[in-house]
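Here the structure is laid out as structure tokens; the discussion comes afterwards.
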Amino acid sequence: MRHSYQLPTETNRLFGMTSLIFMHFLLLGLRAIGTTTDTWRRCTDFPPLDLLSFVLERDTSKLVPGVHMKQAGGVRGVHFSSPHSSMSFPSSQLLVNCDLFPEEFSIVLTFKVSSIAPKKNEYIFSLMEPKKVEKKRLGKKEEERDKGNILQRNEERGVSGEEQHRERRVTSNEEHGRVILGLRLSRKHLHFLFRSHRGGVERWVLRGDRLADNQWHTLVLVVGSHHVRLTVDCGSSLEIVPSRPFPSDLNIQGSRFHIGSRGRWKGLYSGMLRQLVLVPGLDATHHICPSSHPQLAVLSVPPLLSDLPVTGREGEDHVTSYETEEQVSVGLERPCSQPLQGQMWFNPLSKGLYLCDGMVWITVLEDHKRLDYLLEHQVLTTSSETHDVEVFQVPGVGLMAAMAHRSASGSAVYLWSRTGFQLYQNISTHEALAWRHFSMGKKIYLVVSNSGGGPDKPQKSETDYSVIYKWSKRRKRFVRFQTLQTHCARDWEAFKINRQTYLAVANHRQGDKNHTIDSVIYKWNRLTKSFEVYQMLLTSGAYDWEFFTVGPYHFLVVANAFDGVTTSVDSVIYVWVNGSFQVFQTIKTFCATDWEMFQIGSRVFLVVANGHRFHGNRPSRYDINSTIYELDMIGRLFVRFQDIVTYSAVDWEFFSLGEEYYLVVANSFNGESYSLNSILYRWQGYEGFVPVHWLPTIGCSDWEFFSSKGESYLIYSSAKAPLSKVFKLKTY
């Protein structure tokens, strides 16, 4: 982590790819490319949204109340015993920064239901408006016209008179209810409901094979602007052209998703649910069909339901728990022979799971670490609030952490021991905002970003002095090495290009109002044995630098936070060409406070932490999308991959455990409180990153991942309390 936390009091005031591919990439021509993330009114450009995983994975150690895991035919699903509030959440948590539901989308559903009473309707999911909204009743003529249209459409689809009568009765109850959008089952039909332009509830009744047949089925419902298509088990599709298109202005402000109900006992889904995914803007049929198991075709199934199934007779339904799962033999040695075919064996020494094929043991699970849960390992009391923590190794000494303390009395370096970090050295700093360690040969250095006045200059001076410290092997301490003039420096970044060492400083502002100033790149001069100015880059309230290399090419991206008027400014990605950095791409950000580069396989990503929206005298908005961008080789730019809602985010930290990849965000402020959850996300392939752990933090300003003696840890610093916490990652 190489930046600091911006206090809300201040915010109110200022505001593995190959070289051959990349040779082609750059030879085609460098150009500055701008992308924008201006406020979206319509929900577009979202990845598949796994509604079921979102509610089940809030606490992976247990199922939420009112939900039971069951098995049928060797396949897991969840069963709802009550419409518990845990299965409900605000739509804004997934459909972020938008007010209108997508005009085109798909719903992927895998479910199993034995039977439904003739006069009963059960909701797979619903989107409900706030209770406080008062619905305006339709006039008598409008109501009769709506009923007539429903009758006409149902007759076209072959719905019986008895079913029409029941639909009219349900309609009268729901037209003046709170349903904005929903998917429900009756005895013979699937019903898709949504709010009409006149405030009533429009219904599309989809007729097909009986679905309540006690078998698993996977449905893909595709809703376009002028058509709706239903595909069951990757078979032939049923398509209808409704008399009125799906509304392009379906307002979802303040709405809530309810999974398995509409928030009431009446309408509670009685079957089993395995998959429920909303795919904005895409026809998901081609993503899961054809399939070798069409009744269980998969787009995104919660990990809890993807584990090895419980053994049982075909068609048998029973509640399962971890204690009742299939028995696996445990021991250091086990023979594999024909009588043991199909049996499983766990070797505790190698931590491997094996399956006997009648002759030899076949590896089922490799011995890779996976995150299970986190334990609070240490609460570290500090002398002051901390803006940043930098963890690094000093050969012959051990693991250290430099903490940038807010107070003018100084910062501290800590040394890791078995019990945690212990104070090792106090260093004189002045309202330090960030530390960065680097090395040149065998020599270790630390550079600090000072933002306050030093002992010999006024507190509000337009110039600060950041300091480079060098590790003294003789004194076993960091000693002052070089002083550099900076302007409210928020971050330092150290990097090497062609064996030359560079330092980049993020100058945030000069004085109280001038935010559009030069940030500076320094180069190490071997003759003078000091860092000297090499290149100036114009920045706007710079907060963070991130350097990374892809193939033979070097990139440097700046997080611009504020231009003096608004936080909606361009952050810039630079590329090294002919001995200097040139603009490669601009990306619209909102008080950008951090960039984190990471790589998964051959894919290269950049994630930005957006702090808040502010313009002029308007109030700030702290719940805002932070965005992951992926390098597109064909388009020669970074394109939006995933948006994640954050709350005044100030840091992202990427790390891996075995073959699992994680991102943790530092949420610092939600507009009302500094005490809120920072969230740990896990990579899940096509779905991107999904939340898996919620970590209570206070004014979280930084996350750092580190390992020691085979164990993995996370440490966070607080800009609002004199403490830091270390979490131990329990793996399995």
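Along the sequence shown, the residues carry numbers beginning at 1.
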Measure the spacing between OH of Y269 and CZ of R184 and express it to the nearest 0.5 Å.
15.5 Å
With no hydrogens and no angle check, just 3.5 Å: does a side-chain donor-acceptor pair link H68 and S81?
yes
From the list F654, W652, F705, F655, ring-ring contact (aromatic ring centres under 6.0 Å, His included) partner of Y662 resolves to F655
How about I573 and L606: do any of their side-chain heavy atoms sit closer than 4.5 Å?
yes
Could you check whether Q275 and T110, counting side-chain N and O atoms only, form a donor-acceptor pair closer than 3.5 Å?
yes
Any non-hydrogen side-chain atom of V67 less than 4.5 Å from a side-chain atom of M87?
yes
In terms of side-chain geometry, is the basic nitrogen of R603 or E630 positioned less than 4.0 Å from the acidic oxygen of its partner?
yes
Applying salt bridge (charged side-chain N to carboxylate O under 4.0 Å, His left out) to R256 and E129, what does each step give before you reach the verdict?
CA-CA 7 Å; R256 293 183 68 88; E129 69 179 12; over 6 Å; no
Is there side-chain contact between L273 and F80, with heavy atoms separated by less than 4.5 Å?
yes
Output field: ring centroids F638/Y629 closer than 6.0 Å
no
How far does OG1 of T231 sit from CG of L219, to the nearest 0.5 angstrom?
8.5 Å
Side chains of V228 and L238: closer than 4.5 Å at any heavy-atom pair?
no
Give me the ring orientation class for F101 and F105: parallel if the planes are under 30° apart, tilted from 30 to 60°, perpendicular past 60°.
perpendicular
Is the closest side-chain donor-acceptor distance between T627 and N625 under 3.5 Å?
no
Between S300 and E687, do the side chains contain a donor N or O and an acceptor N or O under 3.5 Å apart?
yes
Centre-to-centre under 6.0 Å for Y661 and F598, is that the case here?
no
Give a yes or no on whether the backbone of M128 and the side-chain of R262 come within a donor-acceptor separation of less than 3.5 Å.
no
Compare all side-chain heavy atoms of P280 with those of L49 and state whether any distance is below 4.5 angstrom.
yes
More than 12 foreign heavy atoms under 6.0 Å from NE2 of H293: is that the case here?
no
Distance col, row F111:CZ vs M272:CE, nearest 0.5 angstrom, shows 12.5 Å
Check each of I628, I644, V690, V607 against Y681 using the side-chain contact (heavy atoms from CB on, under 4.5 Å) test, and report the only one that passes.
I644
Tell me whether the centres of the aromatic rings in F125 and Y123 are closer together than 6.0 Å.
no
Can you check whether Y686 and H287 have ring centres sitting under 6.0 Å from each other?
yes
Which of L299, L52, D50, V108 passes side-chain contact (heavy atoms from CB on, under 4.5 Å) with L276? Answer is L52
State, without any angle test, whether E122 and S270 hold a side-chain donor-acceptor pair at a distance under 3.5 Å.
yes
